[in-house]
Colleague: 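Okay, here's the structure, questions in a sec.
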Protein chains: 4
Amino acid sequence: MPRVSSKKELVVAAALSLFRQKGIRATTTKDIARRAGVSEGTIYRHFASKDELAAYIFERTETLFFRFLSSWLPASGDATDMLRQYIRGFFAFSRKHHKHYSFIVAAYQTELRKSVQSRMKPQTMLERIIRHGQVQGSFRLMDTRLASAMVLGVLIQTVFHLKTGQLAVNFSDVLLETEQTCLRILQNGARHHPEQSNEEADT
Amino acid sequence: MPRVSSKKELVVAAALSLFRQKGIRATTTKDIARRAGVSEGTIYRHFASKDELAAYIFERTETLFFRFLSSWLPASGDATDMLRQYIRGFFAFSRKHHKHYSFIVAAYQTELRKSVQSRMKPQTMLERIIRHGQVQGSFRLMDTRLASAMVLGVLIQTVFHLKTGQLAVNFSDVLLETEQTCLRILQNGARHHPEQSNEEADT
Amino acid sequence: MPRVSSKKELVVAAALSLFRQKGIRATTTKDIARRAGVSEGTIYRHFASKDELAAYIFERTETLFFRFLSSWLPASGDATDMLRQYIRGFFAFSRKHHKHYSFIVAAYQTELRKSVQSRMKPQTMLERIIRHGQVQGSFRLMDTRLASAMVLGVLIQTVFHLKTGQLAVNFSDVLLETEQTCLRILQNGARHHPEQSNEEADT
Amino acid sequence: MPRVSSKKELVVAAALSLFRQKGIRATTTKDIARRAGVSEGTIYRHFASKDELAAYIFERTETLFFRFLSSWLPASGDATDMLRQYIRGFFAFSRKHHKHYSFIVAAYQTELRKSVQSRMKPQTMLERIIRHGQVQGSFRLMDTRLASAMVLGVLIQTVFHLKTGQLAVNFSDVLLETEQTCLRILQNGARHHPEQSNEEADT
DNA sequence: AATGAATGAGGTTTCATTCAT
DNA sequence: GATGAATGAAACCTCATTCAT
């Protein structure tokens with residue numbers, strides 16, 4: 001029986017860490033090997049190329065993210081509840097799986113935009129929640145993809161600012177604020193008829 | 001801008017185009033020279049390095065963006081109006097200066113995150129508008145950076161989806177929708193079923 | 001040959017097949033192991049190195065070839081008969097032991113030219129036949145090595161063209177033709193415009 | 001104006017020399033660069049890959065060989081004369097362009113067999129001469145490709161033995177001998193006792 | 001004996017940058 | 001100013017060989 005140690009996980013962990021810090025292209029195979037404490041050749045016993053390693057990590061992370069979010073969603077079918085839990089799960093993931101989170105956000109926005117086909121599944125999940133809410137009547141009718149993109153945009157930016165410590169507010173305040181913000185985006189409500197908005201602007 | 005040298009502009013235009021398509025790292029100086037119709041050496045007559053070229057383009061683009069937005073802002077001081085005009089200017093820029101827009105968004109999110117220090121000035125401008133609105137009382141009180149980040153997140157995601165043609169709706173509808181969304185985020189007002197959200201906020 | 005180990009023969013067979021297809025250098029130990037259905041380590045239990053494996057196969061093949069040819073040679077001592085049988089044996093080997101044949105020809109011409117010292121014994125055998133014929137007076141006097149090289153050159157080229165199917169003629173015709181050709185090369189006789197060639201031959 | 005020195009020829013000369021000594025695969029780009037006195041990068045300014053360099057040298061050499069042979073052929077149309085001159089040209093090339101000769105023979109037989117499509121034009125030229133002789137009636141009728149292959153087999157083997165100095169005879173003797181041998185192969189004439197060969201064919 | 005993960009030297013290729021012209 | 005051949009460090013990757021199991 002051959003060695004079972006398998007340094008594959010060492011490679012994956014090192015690569016995840018470096019990819020997220022410096023980006024995929026800027027990370028060299030030598031970097032990864034050094035950080036993982038293995039030889040460069042070892043990388044290629046487990047992955048056909050650096051790109052394949054990146055894709056592997058991306059998919060694994062996406063699945064992890066997806067499952068993590070799923071575990072937060074309530075069984076019940078209330079879309080507003082689901083959205084809240086989605087947001088909480090999102091924040092929780094960004095804290096518990098710090099490295100995975102920042103890797104996947106960076107990778108999605110940039111280097112893997114084209115190569116990986118499985119559309120960031122967490123977004124798909126969000127779309128489903130929104131569509132559900134629209135059917136239930138609790139969310140207003142608008143393009144579902146756009147809606148989910150907007151919500152994700154808000155979440156990603158918020159977490160980014162939380163992480164970089166530029167925010168003076170505490171975590172749970174931001175969480176509540178973000179929930180409200182996202183609901184504002186999605187919920188019905190006669191907002192914004194110019195007169196109204198002016199009125200409200202005065203509030 | 002006085003044309004110091006015709007070649008320099010050729011280089012800048014070629015680099016802008018390539019950087020945004022493939023990213024900065026993935027673009028080689030040979031690529032740039034070929035596209036610009038100049039020799040590789042010429043690049044180095046005008047810029048000390050590829051990174052400096054990228055930084056130059058970034059700053060120039062940011063300034064262009066900033067001035068463009070400024071020209072859309074109303075002289076008047078109503079924050080809601082200003083926000084609306086900011087959004088319209090943002091959309092207009094993304095259409096008129098397609099290449100500059102996609103370059104700056106990509107660069108900001110990724111490769112230049114650290115190297116360029118001038119905080120993407122359009123965000124600063126947005127922050128100022130929001131702070132202004134908060135002072136005026138038309139926007140609710142919240143962390144200004146967070147607020148501006150959220151609004152930018154929405155704008156960037158929306159434009160991205162507009163560009164990739166995944167939206168079935170037309171431009172002016174999306175524009176209106178986005179305006180409303182951003183106002184929902186920023187304005188005061190008892191939106192979203194307060195009872196619920198309060199309850200859960202206690203959880 | 002007693003089978004020392006079943007695996008060893010699997011390795012040899014796989015290597016023979018691959019070496020002849022792609023050459024020795026271009027064949028990797030991983031290729032061999034995969035084709036043989038064994039692990040890479042197993043190769044090294046039986047052979048000290050890839051080169052030694054190649055040398056082993058070369059020598060084994062040469063011996064096989066030599067014995068095969070020997071079994072075709074008549075007991076009688078007529079050089080012309082011996083040559084005919086040599087040629088027939090050569091053709092027969094190239095058909096019955098297709099892989100061995102193409103391996104040994106390729107290896108001899110190229111990669112093993114220097115490393116293997118045992119002069120391709122089939123050539124030695126041919127030399128002996130020719131010398132015999134010269135002593136008998138049935139073959140003309142000429143450098144024996146050169147003569148054998150020429151005959152081998154003819155045989156190898158002919159078989160090559162037979163194998164690649166570029167010849168419109170059938171096997172037994174080619175065989176007869178080749179016999180005649182080799183005899184023309186070796187035999188005495190006022191061939192070809194006697195006046196001219198004889199004169200020049202005397203020069 | 002840039003440097004015009006062009007180290008391309010240095011690279012080509014070094015590669016030709018090394019390829020023929022050690023084979024293409026066994027020659028490293030580092031070898032080539034060192035021998036040529038240039039950096040490895042320089043190779044890639046002029047050739048897309050090592051294989052392309054090899055193909056370039058092969059084609060160039062083939063053309064050189066072809067032109068060299070052409071310059072030896074008589075204007076007159078006598079096939080026997082043409083063949084004699086072809087052979088003399090062949091020998092002359094192998095001596096004057098020693099490196100080119102041994103490269104092309106080795107490359108043709110082995111590493112470039114498949115990759116280069118232009119059938120070793122010197123063989124085509126020989127085929128044409130043989131066909132011409134057959135039409136004239138001075139050469140017997142036989143498969144032209146086979147005939148040319150046989151003659152080339154003889155020439156290559158003879159030159160090989162001349163070069164390796166294993167032959168005790170002098171150059172012009174070998175040349176004459178080879179001419180006769182080739183003419184024996186090609187010319188008409190009832191050689192070899194037919195009865196015998198038929199009988200033995202039944203064996 | 002057999003395995004195959006691991007090694008690491010070394011191979012091919014890329015590319016930002018320099019510099020003679 | 002402009003050129004592009006040249007550089008050489010460093011990137012990615014291969015592969016014969018070793019060795020713990």
Side-chain angles (χ1 to χ4, degrees), chain A residues 1-8 10-11 25-33 36-53, chain B residues 4-8 11 25-34 37-53, chain C residues 4-8 11 25-34 37-53, chain D residues 1-8 10-11 25-33 36-53:
Chain A
M1 219 166 298
R3 245 169 267 173
V4 212
S5 66
S6 191
K7 313 220 166 173
K8 184 173 178 177
L10 293 175
V11 169
R25 281 193 90 91
T27 299
T28 70
T29 51
K30 188 163 293 192
D31 285 343
I32 298 169
V38 303
S39 72
E40 276 190 85
T42 296
I43 298 171
Y44 291 89
R45 171 148 311 279
H46 297 289
F47 303 97
S49 67
K50 197 179 87 167
D51 282 353
E52 200 170 272
L53 168 59
Chain B
V4 178
S5 148
S6 57
K7 305 269 178 177
K8 182 171 178 178
V11 168
R25 278 195 94 88
T27 298
T28 69
T29 51
K30 178 168 288 189
D31 285 342
I32 298 169
R34 191 184 305 120
V38 305
S39 71
E40 280 188 83
T42 297
I43 296 171
Y44 290 86
R45 180 146 311 276
H46 298 289
F47 303 96
S49 68
K50 195 179 93 167
D51 282 350
E52 198 170 276
L53 168 59
Chain C
V4 177
S5 147
S6 58
K7 305 268 178 179
K8 182 170 178 180
V11 168
R25 277 194 95 90
T27 298
T28 69
T29 50
K30 179 169 287 189
D31 285 341
I32 298 170
R34 192 184 305 118
V38 304
S39 72
E40 280 189 83
T42 297
I43 297 171
Y44 288 86
R45 179 145 312 274
H46 297 289
F47 303 97
S49 69
K50 194 179 93 166
D51 282 351
E52 197 170 275
L53 168 59
Chain D
M1 217 167 299
R3 244 167 269 173
V4 212
S5 67
S6 192
K7 313 220 167 177
K8 184 174 178 178
L10 292 175
V11 169
R25 281 194 91 92
T27 299
T28 69
T29 50
K30 188 163 293 191
D31 286 341
I32 297 169
V38 304
S39 71
E40 278 190 83
T42 297
I43 297 171
Y44 291 88
R45 172 147 310 280
H46 297 290
F47 302 97
S49 67
K50 198 179 87 167
D51 281 353
E52 200 170 271
L53 168 58

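To find a chain, count down the sequence lines: A is the first, B the second, and so on, and within it residues start at 1. Excluded from the calculations below are hydrogen atoms, water molecules and symmetry mates; all remaining heavy atoms, backbone and side chain alike, are included.
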Colleague: Would you say a side-chain N or O of A:Arg45 is under 4.0 Å from OP1 or OP2 of E:dA6?
Modeller: no
Colleague: Mind checking if C:Thr29 touches a base, just sugar-phosphate, or nothing, with heavy atoms under 4.0 Å?
Modeller: base
Colleague: Could you tell me which non-hydrogen atom of B:Val11 sits nearest to which non-hydrogen atom of B:Ile32, and how far apart they are?
Modeller: O-CG2, 4.0 Å
Colleague: Do the side-chain N or O atoms of A:His46 get closer than 4.0 angstrom to the phosphate oxygens (OP1, OP2) of E:dA6?
Modeller: yes
Colleague: For the pair made of CZ in D:Phe47 and P in E:dT14, what is the distance, rounded to whole Å?
Modeller: 15 Å
Colleague: Which whole-number value in Å describes the distance from D:Leu10 CG to F:dT7 C1'?
Modeller: 15 Å
Colleague: Which one is paired to F:dA11, where only Watson-Crick or G-U wobble pairs with both distances under 3.5 angstrom count?
Modeller: E:dT12
Colleague: So, does C:Lys30 get its side chain near the phosphate of F:dC15, meaning an N or O under 4.0 Å from OP1 or OP2?
Modeller: no
Colleague: Let me know the distance between CG of A:Leu53 and P of F:dC13, rounded to the nearest Å.
Modeller: 10 Å
Colleague: Output yes when at least one side-chain N/O atom of A:Thr42 is less than 4.0 Å from OP1 or OP2 of E:dA6, else no.
Modeller: no
Colleague: So which nucleotide from F:dC12, F:dT3, F:dC15 ends up closest to the side chain of B:Ser39?
Modeller: F:dT3
Colleague: Checking contacts here: which listed nucleotide (F:dT17, F:dC13, E:dA2) is nearest the side-chain heavy atoms of A:Ser49?
Modeller: F:dC13
Colleague: Are OP1 or OP2 of F:dT3 and a side-chain N or O of B:Lys7 less than 4.0 angstrom apart?
Modeller: yes
Colleague: Can you give me the closest heavy-atom contact between B:Ala48 and B:Glu52, atom names plus distance?
Modeller: N-OE2, 3.3 Å
Colleague: Using heavy-atom distances to pick each residue's nearest nucleotide on DNA chain F, tell me which of A:Tyr44 and C:Glu40 is more 5'.
Modeller: A:Tyr44
Colleague: For C:Lys50 and F:dT17, give me the distance from atom NZ to atom P, rounded to whole Å.
Modeller: 8 Å
Colleague: Which atoms form the tightest heavy-atom contact between D:His46 and D:Lys7, and what is the distance?
Modeller: NE2-N, 4.3 Å
Colleague: Output the rounded distance in Å from CD1 (B:Ile43) to C1' (E:dC15).
Modeller: 12 Å
Colleague: Taking for each residue the nucleotide of DNA chain E with the nearest heavy atom, is it B:Thr28 or D:Thr27 whose nucleotide lies nearer the 5' end?
Modeller: D:Thr27
Colleague: Measure the distance from CG on A:Asp51 to C1' on F:dC12 and round it to the nearest whole Å.
Modeller: 10 Å
Colleague: To the nearest 0.5 Å, tell me how far C:Leu53 CG sits from C:Lys8 NZ.
Modeller: 9.5 Å
Colleague: How many Å lie between CZ on C:Arg34 and C1' on E:dG4, as a whole number?
Modeller: 13 Å
Colleague: What is the base-pairing partner of E:dA5, counting Watson-Crick and G-U wobble geometry with both distances under 3.5 Å?
Modeller: F:dT18
Colleague: Picking from C:Glu40, C:Arg34, C:Lys50, what satisfies side chain to side chain donor-acceptor pair (under 3.5 Å) with C:Thr29?
Modeller: C:Glu40
